[in-house]
Amino acid sequence: MVQFNNVPVVGRNGYIEADTAFHNDISPVKVDLVFGTFRSEDTSQYLLPVVKRAENMVVNDTSSHDYLSPTGIEGFTKSASSLLLGDIDQLWKEGMVFGVQCIGGAGALKIGAEFLSRYMNCTTVYYPDPSYEIHGTIFEFSGFQNTFEYRYLNRETKAIDFDGLCEDISNASVDSVVILHACGHNPTGLDLTKDQWIIIAEIMKERKLIPFFDIAYQGMASGDTEEDAWAIRYFHSEGIQFLCAQSFSKMFTMYNERVGNLMVVLKSGFNSDSLKIHFERIVRSLYSNPPNHGARTVYQILSNPELYKEWSSSFKSMVVRIIEIRRAFRKALEEEGAPGKWNHITDQKGMFILLLLTDSQVEYLRYFHHIYMVKSGRINVTGLNFTNISYVAKAINDTLRKNI
């Protein structure tokens with residue numbers, strides 16, 4: 001007889017383990033560099049006023065309580081897809097572009113992985129080394145038999161290993177799925193140039209690979225939502241079919257509402273109605289239908305010119321704040337005389353800084369300085385502010401000089 005106590009014993013790891021440890025720490029000086037914080041001085045507060053106004057509109061709109069289909073609110077998925085591709089009215093009518101509302105970006109990855117595995121018989125996926133920690137897990141749990149990492153970061157130069165990246169995906173088997181971070185690469189903060197994206201697109205076409213974009217930080221790398229969607233728009237202009245997992249958690253400070261979109265881009269829309277039914281079945285089998293409130297809030301902002309203008313302005317102010325924090329953090333480390341070079345802090349973009357610390361150094365920072373980050377040494381910029389930057393810089397300097 002199968003018993004529950006025969007299930008293998010495991011422990012938490014990665015982001016969840018570090019976040020749990022942070023919340024269990026009672027030190028008054030503790031610093032959360034895992035997910036960041038949401039105090040009034042933090043970057044996320046720039047967006048809260050416009051989001052709150054949109055939320056109130058949703059609450060007062062009686063039609064927002066109507067039946068929600070498995071694939072979600074079409075107005076939301078179309079607006080979300082338009083944010084990526086621009087004017088898609090004709091493409092939408094013809095079924096060449098459509099969206100599936102999902103439970104955050106991770107939910108969009110899961111729904112896409114299930115579809116690729118079940119209905120396109122895909123068995124192999126490639127994702128960057130390093131990458132979002134659950135990329136491999138999502139695809140393994142969705143039936144992919146082969147999960148491979150392609151080279152992305154050169155840990156010695158702290159730059160992109162583009163030659164290694166190209167070599168690895170050039171050797172991928174036909175019909176392999178390739179996960180691509182469109183901008184604000186997590187965790188490295190290093191993005192491909194436009195010329196490099198053009199080369200990647202050519203390799204994808206030659207090898208008949210399936211691109212699966214992951215974009216959780218549109219606008220947070222450059223400050224411009226259109227600029228950060230350049231790779232996605234280029235692939236579309238080249239006639240490449242692809243999936244794109246889109247998250248609004250950071251862009252709209254709505255982590256807990258789980259607002260996501262899976263955009264599907266096709267060469268022809270002749271079978272799009274059938275494809276949508278397949279997606280509906282996947283959603284029904286997992287959670288029946290997506291949540292309502294967060295997606296309608298985002299839709300309000302994207303579809304209302306006044307709210308969109310305010311959101312866009314506030315969003316750019318938030319990105320400027322992140323850039324200022326990066327500069328201040330680099331300066332603090334250099335003034336402390338912390339060993340090594342720190343130019344990569346300002347070379348990287350988006351929400352994350354990859355410090356490339358050792359596991360023991362990360363542990364030392366946790367237990368002796370109450371500073372929490374994941375073992376890769378990736379920190380969330382929003383966890384830094386002008387009050388704690390000096391403290392964090394001193395702690396890192398102390399840690400590096402211990403030769404742990």
Charged N to carboxylate O below 4.0 Å: is that the case for [X] and [Y]?
X      : Y      : result
Glu74  : Arg296 : no
Asp25  : Lys30  : no
Glu114 : Lys110 : yes
Asp129 : Arg155 : yes
Glu334 : Arg330 : yes
Lys205 : Glu202 : yes

More than 12 non-hydrogen atoms from neighbouring residues, nucleotides or ligands closer than 6.0 Å to [atom1] on [X], yes or no?
X      : atom1 : answer
Tyr119 : OH    : yes
Arg151 : CZ    : yes
Asn24  : CG    : yes
Lys349 : NZ    : no

If we ignore hydrogens and angles and just use 3.5 Å, is the side chain of [X] paired with the main-chain N or O of [Y] as donor and acceptor?
X      : Y      : result
Asp228 : Ala221 : yes
Ser173 : Ser176 : no
Gln101 : Pro291 : yes
Arg366 : Tyr372 : no
Thr346 : Asn343 : yes
Thr20  : Ile16  : yes
Ser170 : Cys166 : yes
Gln196 : Thr193 : yes
Asn388 : Tyr391 : no
Asp175 : Leu209 : no

Run the salt bridge (Lys or Arg N to Asp or Glu O under 4.0 Å) test against Glu133 and tell me which residues pass, sequence neighbours left out. none
May I ask you to check whether [Y] and [X] place their ring centres under 6.0 Å from each other?
X      : Y      : result
Tyr127 : Tyr132 : no
Phe76  : Tyr299 : no
Tyr126 : Tyr150 : no

Report the C-alpha separation of Phe212 and Val178 in whole Å, then their side-chain angles, then the decisive distance to 0.1 Å, and conclude whether the side-chain contact (heavy atoms from CB on, under 4.5 Å) test is met. CA-CA 6 Å; Phe212 196 153; Val178 181; over 6 Å; no
Donor-acceptor pair between [X] and [Y] side chains, under 3.5 angstrom:
X      : Y      : answer
Thr188 : Arg378 : no
Ser222 : Asp224 : no
Ser314 : Ser317 : no
Asp398 : Tyr364 : yes

Is there a side-chain contact (heavy atoms from CB on, under 4.5 Å) between Ile282 and Val100 once you walk through the steps? CA-CA 11 Å; Ile282 293 171; Val100 179; over 6 Å; no
Could you tell me the separation between the [atom1] atom of [X] and the [atom2] atom of [Y], rounded to the nearest 0.5 Å?
X      : Y      : atom1 : atom2 : answer
Cys122 : Phe144 : SG    : CZ    : 5.0 Å
Met318 : Ser313 : CE    : OG    : 12.0 Å
Ser247 : Leu109 : OG    : CG    : 9.5 Å

Could you check whether the rings of Phe252 and Trp311 sit parallel, tilted or perpendicular, using 30° and 60° as the cut-offs? parallel
May I have all residue pairs that pass ring pair (Phe, Tyr, Trp, His ring centres under 6.0 Å) and include part of residues 167-196, sequence neighbours excluded? His135-His181, Tyr152-His185, His181-His185
List the atom of [X], the atom of [Y], and the distance in Å for their closest heavy-atom pair.
X      : Y      : result
Gly383 : Val31  : O-CG1, 4.0 Å
Trp92  : Ser81  : CZ3-OG, 3.9 Å
Lys158 : Leu190 : O-CD1, 3.5 Å
Val283 : Ile111 : CG2-CD1, 4.1 Å

For a 4.5 angstrom cut-off between non-hydrogen side-chain atoms, does Val264 reach Phe279? yes
Side chain to side chain donor-acceptor pair (under 3.5 Å) with Glu336: of Lys331, Arg401, Lys394, only one passes, and it is Lys394
Could you walk me through whether Val125 and Asn146 pass the side-chain contact (heavy atoms from CB on, under 4.5 Å) check? CA-CA 6 Å; Val125 64; Asn146 310 303; over 6 Å; no
Is there a salt bridge (Lys or Arg N to Asp or Glu O under 4.0 Å) between Glu17 and Lys375? Walk through the geometry before answering. CA-CA 10 Å; Glu17 186 277 331; Lys375 287 187 176 180; over 6 Å; no
Just grab all the salt bridge (Lys or Arg N to Asp or Glu O under 4.0 Å) pairs involving residues 79-89, residues at least two apart or on different chains. Lys78-Asp89
